[in-house]
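Just below is one structure, and these are the notes that go with it.
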Amino acid sequence: MSRTVLLVSEQKLKAFTAIHENVQAADLAPHIESAQQIYLQDAIGTALLKALETNILAGSLTVDQKTLLDEYISPMLVHYAFYMALPFLKYKIVDKGVVSGTSETSSQTTLDELQYLRQGVLDTAEFY
């Protein structure tokens, strides 16, 4: 199995979305990978995605590939990864089942509110 190359970092995902800095990188990486495979691969094709991954690993991105990544792929991928991560920032799957995190200083989000947030994020991702 080949090594997965994330085209955006967890730090970039936090920097360009509403994801708080205290969210663990390990909680975001799977969603970046899924967004690459589901949305990005569909948009740019498998051959181009594999070429970008290969060149990133080799440290040999062309100027055109870097521009493509910085100007187009990165903004799109950040928002699709955010879209995919959003439900799992609220809900965690643990050995006891599905749980929802809370604290004394926060209030619960309703399913309608979560769906509203996801739709806004999806709209932004589709724009890019």
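One is the number of the first residue; the rest follow in order along the sequence.
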Inset, instruction - State the CG-CG distance between N55 and L61, to the nearest 0.5 angstrom. - result: 5.5 Å

Legend entry - Separation between NZ of K90 and CG of L117, rounded to the nearest 0.5 Å: 11.0 Å

For the pair [X] (side chain) and [Y] (backbone), establish whether a donor and an acceptor sit closer than 3.5 Å, ignoring hydrogens and angles.
X   : Y   : value
Q36 : L7  : yes
S60 : I56 : no
K14 : E21 : yes
K12 : V78 : no

Which heavy atom in [X] sits nearest to a heavy atom in [Y], and how many Å separate them?
X   : Y   : value
A25 : E10 : O-CG, 3.5 Å
E53 : Q37 : OE2-NE2, 4.1 Å
D70 : P75 : O-CD, 3.7 Å
H79 : F16 : CE1-O, 3.8 Å
F82 : L13 : N-CD1, 3.9 Å
M84 : S34 : CE-CB, 3.6 Å

Legend entry - Test ring pair (Phe, Tyr, Trp, His ring centres under 6.0 Å) applied to Y72 - qualifying residues, sequence neighbours left out: none

Inset, instruction - Compare all side-chain heavy atoms of Y80 with those of Y128 and state whether any distance is below 4.5 angstrom. - result: no

Inset, instruction - Indicate yes or no: at least one non-hydrogen side-chain atom of L52 is less than 4.5 angstrom from one of L48. - result: yes

Inset, instruction - Check whether F127 and L40 end up in the same hydrophobic cluster, where Ile, Leu, Val, Met, Phe, Trp and Tyr are linked by side-chain heavy atoms less than 4.5 Å apart. - result: yes

Inset, instruction - With side chain to side chain contact (heavy atoms under 4.5 Å, CB included) as the test, would you mind laying out the steps for L122 and Q119 before giving the verdict? - result: CA-CA 5 Å; L122 180 61; Q119 186 59 53; 4.1 Å; yes

Inset, instruction - Name the orientation class of the two ring planes belonging to F88 and H31 (parallel below 30°, tilted from 30 to 60°, perpendicular beyond 60°). - result: parallel

Inset, instruction - For residues 110-128, pull every pair meeting salt bridge (Lys or Arg N to Asp or Glu O under 4.0 Å), keeping only residues two or more places apart or in separate chains. - result: none

Legend entry - From CA spacing to verdict: side chain to side chain contact (heavy atoms under 4.5 Å, CB included), S74, L69: CA-CA 6 Å; S74 183; L69 277 170; 5.7 Å; no

